[in-house]
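As the structure lists them, so they are numbered: ligands from 1, and atoms in each ligand from 1. Along the sequence shown, the residues carry numbers beginning at 1. The structure displayed is predicted, hence computed values, not measured ones.
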Amino acid sequence: MGGDRRLPGDGVNVAVIGTGRVGLVTGACLASLGHTVACMDADETRVAMLREGRAPFYEPGLDDLVGDGLASATLRFVDTVAEAVQGAEVAFICVGRPPVGRDDRSLSAVEDAARAVAKSAPQGLVVVVKSTVPPGTNRRVAQVVATERADLEFDVASNPEFLREGRAVEDTLRPDRLVVGASGERTLDALRRLYEPILDAGCRLIETDPATAELAKLSSNAFLALKISYANGLARLAERTGADVADVVDILGSDPRIGREFLGAGLGYGGYCLPKDVAMLEKTASRAGYDFGLLREVARINDEAVEAVVRTVEEAVWNLEGKRVTLLGAAFKPGTDDVRAAPSLTLARRLLDAGAEVVVWDPKAAKHAAEELPALGISEDPYEAAVGASCAVVCTDWPELRELDLGHLGGGMAERVIVDARNALDEEEARAAGFRYVPIGRAAD
Ligand code: UDX
């Protein structure tokens, strides 16, 4: 079974359903490992763009992989599931999973993809769910496929991704661990062959059951969010008690059992994954009859982080009405042009509602920010963005910020005030440039 679809040199014939950040990166990376990959997307414009070698979003190294894959014909783009799965040994479901909504249709894209794959699946296909999903989804996918095609021999497995935006190619090709949740040896064998070069390089493969793999993925992201909210909770406490949160988390994080990463207090976490995954894990728990209230607190503290910055800006400029505020950074984190669930935009909305004029500078995401929030002013130049502003707020910890000439920045401002909502700048330098410098997580001077 599946043997007739093996490629020379152990390459695997792969279908990828969905060319979002996960699907496209997965497809392009698998092609670079020597497999033959067909990536499918229902959006014809996107497929046309990809056929020309252009990725629809920014991700370091991705354009090159797509170009190489097209040139060597190991990677192709199609607009029907039938074409993608034809002759495939493994089909990855990488469709988007919108935020948990009231109507609870957030997994319908996964169900639709499973049904479409089943319709045209060759015998022996291994259907792998890569989208982040609650435990139990693999079982549902297997039911959908079996209902659609009673004649089909197939397997379903979970193979969650742990890729970060801005490092997605690197994280895919050199992951910390590979997780496969599968029940059959044949499926495990197919996935081991797929990832052979990565495993040969020493990456640990954790083989488990599908529900465990699904829960492990969701809980990894929720734990990262928990660490950030813990730091933000400490920031609120530090502001009230005269402590300095930056030092507190340094001391905390130097204990290897805790670790320094993801203890950065500031504007809170955003992006396509963390907020959604916290909500999905909480909902999964509540449906299963467990009240995981800790996760609601994680989300609440994250919302509060933005509110704390709104109050700090208000405190700094007094009346917001008619004042200009410059946001330094819009992307939900550095290294990406993504503004989905970006806390900077929540802050911008709150400032606009209070009557301020808001101008944003971001090296990559300014255009997307303005599309999301047309009332925003944008500028490609940080110095121009700051002209006439009563306050500049650091929203994203871009390395470019540390290259800024703060004297020049302050020269054009109505008042030299910086609220450093990522604790990213050098305080001495800001003060030397004549700024009133307001960090996060420290009592006001
Ligand atoms: C995340 C996970 O890290 C990744 O493993 C998963 O597969 C997808 O989701 P990503 O969404 O790219 O990746 O963002 P991440 O790098 O985790 O950052 C998430 C948010 O946390 C950003 O808004 C970032 O600014 C914020 N953050 C991070 C903090 O506020 N403080 C920190 O100390 C670290």
Handout entry: For P56 against M49, the heavy-atom pair lying closest together
Key = CA-CE, 3.6 Å

Handout entry: Close N or O approach (F332, ligand 1; < 3.5 Å)
Key = yes

Problem - Nitrogen or oxygen atoms of G271 and ligand 1 under 3.5 Å apart - result: no

Handout entry: ligand 1 to C273 polar contact by distance, N or O atoms, under 3.5 Å
Key = no

Practice task
For atom 20 (C) of ligand 1, find the nearest protein heavy atom and state the residue, atom name and distance (0.1 Å precision).
Solution key: Y269 CB, 3.6 Å

Problem - Which residue and heavy atom of the protein sit nearest atom 30 (O) of ligand 1, plus the separation - result: R422 NH1, 3.1 Å

Exercise for the section: Run the salt-bridge test on K323 and E415 with the 4.0 Å N-O cut-off and return the result as yes or no. Expected result: no

Exercise for the section: Check the pair Y290 / F292 against ring pair (Phe, Tyr, Trp, His ring centres under 6.0 Å), numbers first and verdict last. Expected result: CA-CA 6 Å; Y290 177 61; F292 209 157; 5.4 Å; yes

Exercise for the section: May I ask you to check whether E161 has an N/O atom sitting below 3.5 Å from an N/O atom of ligand 1? Expected result: yes

Problem - Side-chain ion pair, E165 and R340, N-O less than 4.0 Å - result: yes

Practice task
Go through the side-chain N and O atoms of N138 and E214 and say whether any donor and acceptor fall under 3.5 Å apart.
Solution key: yes

Completion exercise
In this structure, atom 2 (C) of ligand 1 is nearest to the protein heavy atom N221 OD1, 3.3 Å

Fill in the blank from the handout: In short, side chain to side chain donor-acceptor pair (under 3.5 Å) pairs touching residues 245-256 with sequence neighbours left out are D250-R260, D255-R257

Exercise for the section: Please report the shortest heavy-atom distance between M280 and L218, naming the atom on each side. Expected result: CG-CD1, 4.0 Å

Handout entry: Salt-bridge contact R296-D303 (side-chain N to carboxylate O under 4.0 Å)
Key = no

Problem - Interfacing atoms of ligand 1 (cut-off 4.0 Å, heavy-atom, G268) - result: 30 (O)

Problem - Exercise: identify the closest heavy-atom pair between I440 and N423 - result: N-OD1, 2.8 Å

Practice task
Determine, for R311 against E307, whether the closest basic-nitrogen to carboxylate-oxygen distance falls under 4.0 angstrom.
Solution key: no

Completion exercise
For atom 10 (P) of ligand 1, the closest protein heavy atom turns out to be K333 NZ, 3.8 Å

Fill in the blank from the handout: ligand 1 to R164, heavy atom cutoff 4.0 Å, flagged ligand atoms 3 (O), 4 (C), 12 (O), 13 (O)

Handout entry: Contacting atoms of ligand 1, where contact means under 4.0 angstrom from a heavy atom of F162
Key = 4 (C), 5 (O), 7 (O)

Practice task
Taking only heavy atoms of E165 into account, list the atoms of ligand 1 that are under 4.0 Å away from them.
Solution key: 12 (O)

Fill in the blank from the handout: Of all protein heavy atoms, the one nearest atom 19 (C) of ligand 1 is L274 CD2, 3.6 Å

Problem - Region of K276 engaging ligand 1 - heavy atom pairs below 4.0 Å - result: neither

Handout entry: Contact check, G266 vs ligand 1, heavy-atom distance below 4.0 Å
Key = no

Handout entry: Any R167 heavy atom less than 4.0 Å from ligand 1
Key = no

Handout entry: Smallest separation among heavy atoms of W361 and L401, with atom names
Key = CZ3-CD2, 3.7 Å

Problem - Distance from atom 34 (C) of ligand 1 to nearest protein heavy atom, with residue and atom - result: F262 CD2, 3.6 Å

Completion exercise
Within 4.0 Å of some non-hydrogen atom of L263, the atoms of ligand 1 are 33 (O)

Exercise for the section: Answer with side chain, backbone, both or neither: which part of L163 has a heavy atom less than 4.0 angstrom from an atom of ligand 1? Expected result: backbone

Fill in the blank from the handout: Heavy-atom nearest pair, A31 first then V37, reads N-CG2, 3.6 Å

Exercise for the section: Indicate yes or no: does an N/O atom of Y272 lie under 3.5 Å from an N/O atom of ligand 1? Expected result: no

Practice task
If you have a sec, work out which protein heavy atom is nearest atom 31 (N) of ligand 1 and how many Å separate them, to one decimal?
Solution key: G264 O, 3.1 Å

Exercise for the section: Measure the distances from the heavy atoms of K227 to every atom of ligand 1 and state whether one is below 4.0 angstrom. Expected result: no

Exercise for the section: Among all protein heavy atoms, pick the one closest to atom 27 (N) of ligand 1 and tell me residue, atom and distance. Expected result: I228 CD1, 3.4 Å

Exercise for the section: Run the salt-bridge test on R193 and E196 with the 4.0 Å N-O cut-off and return the result as yes or no. Expected result: no

Handout entry: Side-chain ion pair, D353 and R349, N-O less than 4.0 Å
Key = no

